[in-house]
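Single-structure report; data block below.
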Amino acid sequence: MNINTLDTTLRALTPSERNAKNGRPYDWFAKMPTVKRAGGQYLLMSGAQTLNGQNNLFVKKQTRYQEVPPHVHDWLELNYMYDGVCHQTINGHPLKLGSGQVLLIDTDVPHSTEVLRGDNIMVSILVQKKYLQSRFFSRFSSDNILSHFFINAINENAKHNSYILFRSEDNRRIPFIFKEFLCETYDPSLNSVDILDSLFSLLVAELINVYENDIGRAEMQSENFMLLPVLRYIESNFKTCTLEGTAKFFNMNPNYLTTLMKEKFGLSFKKMVLQQRMMMAAKLLRNTNMNLSEVAHEIGYENLSFFNKKFREHHQCSPKEYRKSEASSNTRKEV
């Protein structure tokens, strides 16, 4: 399948769409159980029914010509607006998803979708939450602070806002990645599982970029507009940077800077630097043959005992135990 045949496939009427267009929509309430949640009674879509035995990722085109009533389910839903617009309601809040935008909806969140018609096409990737929180997100959470905060946002925003809207309409990579993902889904190759896994990794990596840019645009309108450059500064200078030196670099008061960071990200400047050091230490232990003294020096510590102490506090194991555990994990994967 290529991009042109994918477009033809997505725009063609499915049997369900043809039935709905001819006045025979799917009878949701006759075929699915309901469950009580705060605010009312909702359809309960279970993973066993909808994911059809898929372990991690399942693709579903939104059926046109019929609404999807308020419902909940036990997987994450990543909606991509392939073309047109889609009006949804999430936890009572109306939301418009425009062409090229991506919407992440958390588990067990009541939401509904208004009727899509014509060339308004939305595709959903249904994701087991444990896939993102454990094995998958571990690829990103250990590399840098911004990735770490994106992952926290998946969890924290889920608790408070129930969704994250990625304003990716002008992003050049998102449509390409989604189209490749869909082509591989509809016309799988011999290595389809690995290819889809890798494409989904690329998708999340690019959504991290979109998320960062969204924060940046929002902060440009507020007094917090310097925080993203400060995070980048810490990522580049974590070995030697100090609160006073960083504040001077950005022409800010040191106390104000660390207070602002704690309000925005929940960590003081000192803990932010420590976190970046520990992320880098873990990366070096995983990917290099440096001895522990070399790793400690590389992240800014001359005292090996102090490094061991801080690493254990952050990772709940010693550096040596961490390296051994990662090596064992990689061996199992190769087998």
Side-chain angles (χ1 to χ4, degrees), residues 32 35 37-39 42-63 68-82 86 88-93 95-98 100-113 121-141 146-168 171 174 177-178 180-182 184-185 193 195-212 214:
M32 288 190 178
V35 63
R37 291 288 187 273
Y42 302 98
L43 289 171
L44 176 62
M45 299 184 181
S46 73
Q49 291 172 318
T50 305
L51 298 183
N52 296 328
Q54 300 293 321
N55 290 327
N56 296 314
L57 304 170
F58 180 74
V59 172
K60 184 179 187 300
K61 186 183 85 169
Q62 177 67 44
T63 301
V68 180
H71 63 282
V72 295
H73 44 62
D74 56 4
W75 61 84
L76 286 161
E77 184 175 321
L78 196 68
N79 293 333
Y80 172 63
M81 203 64 205
Y82 178 84
C86 176
Q88 301 180 57
T89 301
I90 307 173
N91 245 348
H93 303 289
L95 183 143
K96 177 183 175 182
L97 188 64
Q101 293 183 339
V102 178
L103 175 67
L104 176 67
I105 304 175
D106 192 40
T107 58
D108 208 36
V109 173
H111 58 286
S112 60
T113 304
I121 298 172
M122 184 175 78
V123 180
S124 300
I125 302 178
L126 310 180
V127 188
Q128 297 286 1
K129 192 166 187 176
K130 62 183 180 181
Y131 176 62
L132 290 124
Q133 289 182 323
S134 56
R135 181 178 63 84
F136 180 77
F137 267 165
S138 65
R139 303 176 191 176
F140 298 96
S141 61
L146 286 169
S147 298
H148 176 81
F149 281 115
F150 169 81
I151 293 157
N152 280 353
I154 298 294
N155 296 323
E156 293 304 316
N157 283 17
K159 295 176 183 176
H160 302 298
N161 302 325
S162 307
Y163 66 90
I164 300 176
L165 173 63
F166 298 95
R167 303 185 185 280
S168 51
N171 183 282
I174 295 293
I177 298 172
F178 258 105
E180 289 297 323
F181 190 93
L182 293 173
E184 187 64 33
T185 298
V193 173
I195 290 172
L196 290 175
D197 190 71
S198 297
L199 286 169
F200 195 72
S201 298
L202 290 174
L203 176 61
V204 172
E206 191 59 27
L207 287 176
I208 290 173
N209 288 337
V210 173
Y211 180 74
E212 176 185 344
D214 283 349

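- Looking at heavy atoms from C-beta onward, Ser112 lies out of side-chain contact with Val68 at the 4.5 angstrom threshold.
- When all heavy atoms of Gly100 and Ser168 are compared, the pair lying nearest together is O-OG, 2.7 Å.
- To the nearest 0.5 Å, the span separating CG on Leu165 from CG on Leu104 amounts to 10.5 Å.
- Every residue meeting the ring-ring contact (aromatic ring centres under 6.0 Å, His included) condition with Phe178, not counting sequence neighbours, appears here in chain and number order: Tyr80.
- Considering only heavy atoms from C-beta on, Thr89 stays 4.5 Å or farther from Pro70 through its side chain.
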- CA sep, side-chain torsions, deciding dist, call: Leu202, Glu180, side chain to side chain contact (heavy atoms under 4.5 Å, CB included): CA-CA 11 Å; Leu202 290 174; Glu180 289 297 323; over 6 Å; no
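- With rounding to the nearest 0.5 Å, the separation of CG in Leu196 from CZ in Phe58 is 12.5 Å.
- Between Trp75 and Val127 the shortest heavy-atom distance is CB-O, 3.4 Å.
- One distance of note links CG of Leu103 with CZ of Phe166; it measures 9.0 Å at 0.5 Å rounding.
- Under the 4.5 Å side-chain criterion, counting only non-hydrogen atoms from C-beta, Leu57 is not in contact with Asp197.
- A distance of 4.5 Å separates CG in Leu207 from CD1 in Ile174, rounded to the nearest 0.5 Å.
- Defined by atom type and a distance below 3.5 Å, a donor-acceptor pair is present between the side-chain atoms of Ser124 and Asn79.
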- Item | Intermediate values then yes/no, side chain to side chain contact (heavy atoms under 4.5 Å, CB included), Asn171 and Asn209 | CA-CA 10 Å; Asn171 183 282; Asn209 288 337; 5.5 Å; no
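- When all heavy atoms of Met81 and Leu97 are compared, the closest pair comes out as CG-O, 3.7 Å.
- The side-chain contact (heavy atoms from CB on, under 4.5 Å) test with Leu78 is passed by exactly one of Ile105, Val204, Leu203: Leu203.
- Between the CG atom of Leu76 and the CG atom of Leu126 there is a distance of 9.5 Å, given to the nearest 0.5 Å.
- Side-chain contact between Met45 and Glu77: absent, with no pair of heavy atoms (C-beta onward) separated by less than 4.5 Å.
- Within the model, atoms NE2 of His93 and CG of Leu95 stand 10.5 Å from one another, a figure rounded to the nearest 0.5 Å.
- The main-chain N or O of His111 is found under 3.5 Å from a side-chain atom of His71 such that the two form a donor-acceptor pair.
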